[in-house]
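When a ligand or atom number is given, it counts from 1 through the structure's own listing order. None of these values were measured; they are calculated from a predicted model.
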Amino acid sequence: MLVKVCTGKTCGSRFSSYILKRLLSEKAKYDYKNISTIEGCGCQGNCKTWPVIVIDDILTDRMDPIKASNLYLEKLKKL
Ligand code: FES
């Protein structure tokens, strides 16, 4: 599973770094099999509904660290 957190200018100004930090922390705790990759990425062209994350090419907007974490863990469980 590839998780990208937009760290572009608009999302970055809306604290996407906290989302990235939280997801990396969740990965360290729960991704025992090392089956996910979490990384920052540039603008995804969806700045009006910041901040956004992309999981396996599916974009989800209006994220916050808790929502992103829940979504990530839910998908991780299904793998
Ligand atoms: S800066 Fe995140 S979608 Fe544009």
Under-2.8 Å protein N/O/S neighbours of atom 2 (Fe) of ligand 1, ordered by chain then residue number: Cys6 SG, Cys11 SG
Least distance between heavy atoms, Cys41 atom then Lys4 atom: SG-CB, 3.7 Å
Lys27 side chain near Thr37 side chain, heavy-atom distance below 4.5 Å: no
Ile53 side chain near Leu20 side chain, heavy-atom distance below 4.5 Å: no
Of all pairs that satisfy ring-ring contact (aromatic ring centres under 6.0 Å, His included), the ones with a partner from residues 14-60, not counting sequence neighbours: Phe15-Tyr18
Residue pair Lys29 / Glu26, side-chain heavy-atom distance below 4.5 Å: yes
Side-chain donor/acceptor of Asp64 to backbone N/O of Lys67, under 3.5 Å: yes
